Amino acid sequence: MLCFAMFLLLQLPAQIDSVRMRQLPEVEILGNGETVTTAVPIQTINAKELKALPILQLSDALKYMSGIVIRDYGGVGGMKTVSVRGLGAQHTGVAYDGIALTDCQTGQIDLGKISTENVKTLSLQNGREEDIFVPARLFSTASLINIVTNEPTFKELKPVNLYFAFTGGSFGLINPFLLIENRIKKKKNENDSFYAWSLKVNYLQSKGDYPFELHYGTHEGDSVSLERRSNSDVRMINAEANFYAVFNSHSKLTAKVYYYLSHRGLPGAVIFYNVGNNQQRLNSQNAFVQLHYDNYFSEKVAYQLNAKYNDDQTRYMDSHYLNTEGKLDNFYHQQEYYLSNSVLCKPFKQWYLSLSNDLFYNTMNANLKDFAMPGRFNCLTSLATTFYSKYVHVSANLLHTLVLNYVKVGEAASNESHWSPSLGINIYPLGNQNFNIRLLYKNIFRMPSFNDLYYREMGNIQLNPEKTNQFDIGLAYDNSWLGRISLSTSVDAYYNRVKDKIVAIPNRNMFIWSMMNFGKVNIAGCDVNVRLNYKIIKHLKINLMGNYSYQHAVDMTDEKSKTYGHQIPYTPRHSGSAAINVETTWFTVGYSILAAGERYVLAQNTLANRLEPYFDQSIYISHDFNVKDKVILGLKLEMLNLANEQYEIIRNYPMQGRSFHVKFTLKY
């Protein structure tokens, strides 16, 4: 049936060129690329801004976007997951160069292991994917973090391009990065073929032994001791090889081979008279191979193929675990096989239609006694359409999800079949993209992860899948004047209704969690984003970016419950960030601040469960030197957590205080 539907799409007439099929005018980023006036709320940080911000990892950059709550367990090696608009990490997809990163064990991606070097754009899309010519899997999450890396182009690439960066800092931080790009064949004209490859290697290590204050009470005058974080060391390396083949002006192939290895300590929760456990270790190894091919056969139709194999291994060790053996040494191995086919066409003027089908198969095994050895087959089919004119842009999508579960030991979770519709309407009252009003609705469905269902210390095969209805209404404005001032701003109000929400609460450490199922959660909020660039004179420019988020995410399951109407754990009502930098001929200097209001560590919002608000400020200064033709040297100095504020994002996991980074770069 699916193949027949694709055949019909191939026969539909079209009257556009391949370039416009690939990138619709409505999804182009306006201004400087920070805010887009689309039917979907999108926030984007480009490569220039990533370079300017005082950040080390991808998770650090996401803190400068509205609606995001980063669950950060402290230090460079601490786990970092993201929750968008109160929906949890499992509802947030992460795409790396167009193909999703996955973890069927936990359902969430540790963003701490992703470097920002060589990232072209980092974007967050709330609600649904704006571009309809993508794999069906990218429609299957409530929000999508899209990471796009730089690709060599035939106009820019020399026979060899070289980029080297080295960051050193407090508490034993060492972070070298190397990128090599090589042109295999030079492209002579637009229709000629072009071949290139690249190699990226990133290594990071840190002792993580930063000091912190331990308070033995909540009142002024209570005892305080100065402690030092232990067993928080990390060593990680990731390497990535890419091959690029541009066959002609309408057809290309890219292939990626990725490898990641890390060894880190799990410092555990800091409690009175016990500042950490020095015995727990976590080793992770991840490798994947992915392939992307697209072809715009003619002005009538385009086709896209994506394929991936992913292998992930995790080893968790605790040499002083209180069991009969006196230790834990658990090994988990998960695999995924993935294939996606997509077709895009234009049946009539200003109307696009796409059909995508994704098939993927997940397996997981472990060395645990009586482990379920689960497997899962997924079939996602997406039919998407978009219509645009001068005054309106309408996008709609219907996603079907089929999930088949099985286990080798015990009882499997039930199979699921679900239809998920979405609709976005964009209105341009002025007849241009400078100002727009957007409306969005999306229904989304999430299966519990393998840990949710089968993990022996917390799994429950009776867990219900989460079903979410998302609503959004927003205004966006983007304009520039006299070539000197540009302003991008957006305001979005949203309302999410979640049924059978699964909330993860850290238990003994950052690896072992407790799963709580809230029957109903209502989330109402508002995101405000502002970007301003002002070129005062030729060699003096000021850049400002800021955001504010309000989230009212409350448990509405049972009116008689003590938690009814209470804010869900680790979700602040108020949060925001701001960054400003001044560019001159001699240097660039910048300041940033991250802030979050009070949060609660458990479902009941009592004083004992309250976490204090925090402000995290950083400053930096940088400059690039043109040494000689085609050689550029860069130097950047950063001071993070300028005020040395002692705070926690997750209770009993103190964040790092004041620290320093020095970064050196060489580009050829």
Side-chain angles (χ1 to χ4, degrees), residues 29 31-35 43-58 60-65 115-123 150 156 162-170 173 175-177 179 480-488 529-547 576-594 615-643 658-668:
I29 298 173
N32 294 311
E34 295 84 4
T35 303
Q43 302 173 63
T44 301
I45 299 179
N46 58 35
K48 183 180 179 180
E49 290 179 323
L50 288 172
K51 181 181 177 181
L53 290 172
I55 59 177
L56 183 66
Q57 299 164 306
L58 184 73
D60 300 326
L62 290 171
K63 294 176 182 179
Y64 291 91
M65 293 183 173
S115 170
T116 59
E117 297 289 354
N118 200 46
V119 172
K120 181 180 180 181
T121 58
L122 171 64
S123 62
N150 287 299
E156 300 174 353
L162 175 67
Y163 176 76
F164 174 76
F166 180 87
T167 303
S170 304
L173 174 66
N175 179 209
F177 173 85
L179 167 66
S480 60
W481 301 270
L482 304 175
R484 297 175 58 185
I485 302 176
S486 65
L487 173 66
S488 299
N529 294 276
V530 177
R531 305 292 179 95
L532 175 66
N533 306 100
Y534 180 27
K535 187 177 181 180
I536 302 174
I537 56 177
K538 183 177 181 180
H539 298 298
L540 180 60
K541 184 179 181 181
I542 296 178
N543 305 301
L544 172 68
M545 57 185 291
N547 69 71
S577 68
I580 184 172
N581 67 64
V582 179
E583 299 179 22
T584 71
T585 305
W586 307 279
F587 59 82
T588 298
V589 61
Y591 166 83
S592 68
I593 183 171
L594 304 169
F615 296 89
D616 190 331
Q617 305 172 73
S618 299
I619 59 173
Y620 76 90
I621 184 170
S622 66
H623 182 63
D624 289 339
F625 306 87
N626 291 311
V627 179
K628 62 177 183 178
D629 186 36
K630 300 180 181 180
V631 177
I632 301 175
L633 297 179
L635 182 64
K636 184 179 182 182
L637 306 177
E638 299 175 344
M639 182 185 295
L640 310 178
N641 198 349
L642 178 65
R658 185 185 298 117
S659 61
F660 301 88
H661 291 169
V662 179
K663 184 175 182 179
F664 166 80
T665 60
L666 182 151
K667 185 176 182 180
Y668 169 74

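Throughout, residue positions are numbered sequentially from 1 according to the sequence presented. Predicted model only: the values in this text are computed from it and were never measured.
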Taking side-chain contact (heavy atoms from CB on, under 4.5 Å) as the test, write out the residues that go with [X], two or more places apart.
X      : value
Thr588 : Asn581, Glu583, Tyr620, Ser622
Thr167 : Leu56, Leu173, Asn175, His661, Lys663
Thr584 : Leu540, Val582, Trp586, Phe587

Looking only at heavy atoms, what is the nearest atom pair of [X] and [Y], with distance?
X      : Y      : result
Ala165 : Thr665 : CB-CG2, 3.8 Å
Asn533 : Lys541 : CB-CE, 4.0 Å
Leu122 : Val119 : N-CG1, 4.3 Å
Leu50  : Ala61  : CD2-CB, 3.7 Å
Ala579 : Leu53  : CB-CD2, 3.8 Å
Tyr64  : Asn547 : O-ND2, 2.8 Å

Report task. Just say parallel, tilted or perpendicular for the rings of Phe166 and Phe164, cut-offs at 30° and 60°. Result ->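 Ring orientation, 0 to 90° scale: parallel.
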When rounded to the nearest 0.5 angstrom, what is the spacing between [atom1] in [X] and [atom2] in [Y]?
X      : Y      : atom1 : atom2 : value
Ile485 : Lys535 : CD1   : NZ    : 12.5 Å
Gln43  : Asn529 : CD    : CG    : 4.0 Å
His623 : Leu637 : NE2   : CG    : 12.5 Å
Leu544 : Tyr534 : CG    : OH    : 14.0 Å
Gln617 : Met639 : CD    : CE    : 11.5 Å
Lys48  : Lys120 : NZ    : NZ    : 16.0 Å

Query - Residues Leu635, Val662; criterion side-chain contact (heavy atoms from CB on, under 4.5 Å); working and verdict - result: CA-CA 8 Å; Leu635 182 64; Val662 179; 4.2 Å; yes
Give a yes or no on whether the backbone of [Y] and the side-chain of [X] come within a donor-acceptor separation of less than 3.5 Å.
X      : Y      : result
Lys63  : Ile55  : no
Asp60  : Pro54  : no
Arg531 : Met545 : no

